[in-house]
Amino acid sequence: MSSQVNINVDASKTTGVQEHLWRYIGYDECNYSYIPEGIELLNKFAALDDAPYYFRTHFMFCTGNCHGTYKFGSTNIYWENENGEAVYDFTYYDKIIDSFISTGNKPFVELGFMPMDLVDTSYLRPVEGNWDRYNQYKETGWTCPPKDYGKWHDFIGVLVSHLVEKYGADEVKTWYFELWNEPDIFYWSGTAAEYCKLFDYTEHAAHEALPELRLSGPAVTGIFEGGRAQKFFRFFLEHCKEGTNYCTQEKGTRLDFITFHVKGGGFPFEMHAPKAVPSVESLVHQVKLGLDAIVEYGYQDREVVLSEADPDGWAAGGIYDNANMIFRNTEYYATYVASTYEKIDQLCERYGIKVRPLAWAFMFPGERCFEGTRTFTTQGIDKAVFNMFKIYGSLGNEKLTFTSDGAEKLDFLTEPDIGKKDHSRYTGEGEETDVSGFAVRGKNNETQIVIYSHNNDRDKQDDHEITVTVDGLGSTEATVTHYRIDAEHSNPYAEWVRQGKPLFPKGEQYDAIKARDGLEKYEEDRTVAVKDGKAELKFTLPAHGVSYLVIR
């Protein structure tokens with residue numbers, strides 16, 4: 001069944017600045033940064049018109065063999081000699097930072113996790129022998145508080161000083177720094193108070209070394225009403241505002257910007273999982289709850305980075321772990337990003353707070369083609385979601401008037417149960433499709449219009465007849481270029497299916513799939529008449545699709 005959606009754009013009316021809030025990317029495996037496949041993807045982001053992009057990775061302080069594996073990484077940056085004295089080795093740490101800088105991107109520096117020789121072993125059960133100690137460290141040791149906060153303080157000071165010496169203060173002060181990751185769950189074995197203590201010592205040491213450095217916390221998990229993350233988040237903000245600083249004994253702690261995470265659902269390991277999908281509304285409501293707390297504690301002048309903002313919570317899981325991960329291979333992932341980011345942008349305006357979502361996705365070397373992991377590429381093939389970022393990267397900075405009578409309003413934010421919903425078995429069935437977007441003025445004065453259609457139900461098949469009326473055009477005719485992401489455009493997954501779903505395609509088979517991984521046109525460029533400054537465009541958009549119109 002088709003329905004009519006009317007969209008109006010006024011190319012003559014600028015409504016403000018279009019923040020490029022999407023320029024933030026992250027992943028667990030820090031050692032993937034400098035391998036050939038990692039460098040290839042970093043270069044792809046750096047090639048986007050609005051680069052640099054900021055990259056955040058886990059495990060940057062961890063002890064190990066400096067070889068990336070699923071959900072772990074290491075640099076051996078810190079160890080202690082037989083006299084208990086700190087020894088620093090920046091070899092692999094620098095490789096990771098260099099991979100960002102050399103490709104034209106920037107680091108989003110996560111300060112964590114705990115080096116093996118700094119672990120407070122009182123949080124662990126007693127073990128003997130090198131194997132048992134290291135296995136225990138890889139399991140839980142890296143989540144522990146430090147055995148000596150003074151040594152941690154010195155470590156942070158040495159690190160920041162090293163970065164300033166190597167890259168220059170003017171460069172480092174443009175980066176983002178964040179303490180730890182999700183300390184409200186298993187990533188932190190200490191209490192909320194102990195995290196605040198770690199933050200205080202970190203803040204003092206970092207700003208002592210570079211006063212202009214931007215430091216944040218607490219990077220908690222998704223915020224739900226009455227949940228652990230919400231309580232931890234409020235505890236941290238209260239401490240920074242009014243608490244006694246553990247390091248200086250003075251009131252409060254400097255907080256340069258604020259981070260927390262938002263996810264649209266969760267898909268655990270389940271071999272024969274029944275259908276489930278992520279929820280746009282749940283993710284956006286988590287953003288609202290976080291912003292409410294920020295306003296309550298008087299931090300609304302701070303920038304906010306949603307340092308993981310994703311449809312779900314397990315990046316390394318794929319379709320062989322849970323069949324519901326299939327959406328990551330398809331156009332659905334692109335339309336989910338388009339819908340959530342557009343609503344986050346609305347919240348930016350509503351709260352007067354700059355909010356930046358960070359997509360926790362990268363690549364996995366050696367995976368089967370279209371494994372279903374949360375990635376931008378698979379075996380070097382750009383997935384549909386990366387084409388969404390290609391669209392984003394090409395956009396200008398002047399926001400234009402845009403309205404759609406098919407847009408989902410933010411009324412769901414006031415639903416009484418939205419903050420408590422368990423979406424683990426949520427299917428999205430019966431929901432209306434959201435058809436909306438935004439428009440900007442391009443760098444060469446062209447009109448750029450992004451229109452997405454998204455339904456949380458990945459099986460939804462409805463089409464929409466779109467009529468776009470563009471006013472404020474100053475000539476008698478205009479050229480229209482129409483790009484599309486959907487099941488058959490800018491979507492190499494469809495070609496992979498046609499090729500028989502080869503796990504490791506090669507030769508002509510690989511070439512055929514790779515040939516479909518760019519941003520493709522929906523139709524040939526065409527000229528449209530402009531009457532009284534107004535032009536009208538008509539086309540069909542499926543339930544999961546993005547149209548990108550460039551009018552010159």
[X] vs [Y] aromatic rings, parallel, tilted or perpendicular, using cut-offs 30° and 60°?
{"X": "Y176", "Y": "F108", "answer": "parallel"}
{"X": "Y336", "Y": "Y332", "answer": "parallel"}
{"X": "H58", "Y": "F113", "answer": "tilted"}
{"X": "H204", "Y": "H153", "answer": "tilted"}
{"X": "F389", "Y": "Y341", "answer": "perpendicular"}
{"X": "Y88", "Y": "F90", "answer": "parallel"}

When rounded to the nearest 0.5 angstrom, what distance separates OG1 in T377 from CG in D517?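 Rounded to the nearest 0.5 Å, the OG1-CG separation comes to 9.5 Å.
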Quick one about [Y] and [X] (side-chain donor to acceptor, distance below 3.5 Å, no hydrogens or angles considered), yes or no?
{"X": "R328", "Y": "T375", "answer": "no"}
{"X": "W314", "Y": "N322", "answer": "no"}
{"X": "E29", "Y": "T69", "answer": "no"}
{"X": "T143", "Y": "S189", "answer": "yes"}
{"X": "S161", "Y": "E165", "answer": "no"}
{"X": "N181", "Y": "W188", "answer": "no"}
{"X": "E178", "Y": "S307", "answer": "yes"}
{"X": "D120", "Y": "Y149", "answer": "no"}
{"X": "D94", "Y": "H162", "answer": "yes"}

Any chance the rings of F236 and F199 have centres within less than 6.0 Å?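 Yes.
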May I ask you to check whether F61 and W142 place their ring centres under 6.0 Å from each other?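 Ring centres of F61 and W142 not closer than 6.0 Å.
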Treating R228 as the side-chain partner and D184 as the backbone partner, does any N or O pair qualify as donor plus acceptor under 3.5 Å?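 It does hold such a pair.
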Quick one: do K343 and D345 make a salt bridge, cutoff under 4.0 Å?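 Salt bridge absent between K343 and D345.
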Please report the closest heavy-atom contact between [X] and [Y], naming both atoms and the distance.
{"X": "L215", "Y": "L179", "result": "CD1-N, 4.3 Å"}
{"X": "F257", "Y": "R302", "result": "CA-CB, 4.3 Å"}
{"X": "D200", "Y": "C247", "result": "O-CB, 3.9 Å"}
{"X": "Y195", "Y": "G217", "result": "OH-CA, 3.6 Å"}

Under the salt bridge (Lys or Arg N to Asp or Glu O under 4.0 Å) rule, collect the residues that match up with K147, sequence neighbours excluded.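 Per chain and number, K147 pairs via salt bridge (Lys or Arg N to Asp or Glu O under 4.0 Å) with E80.
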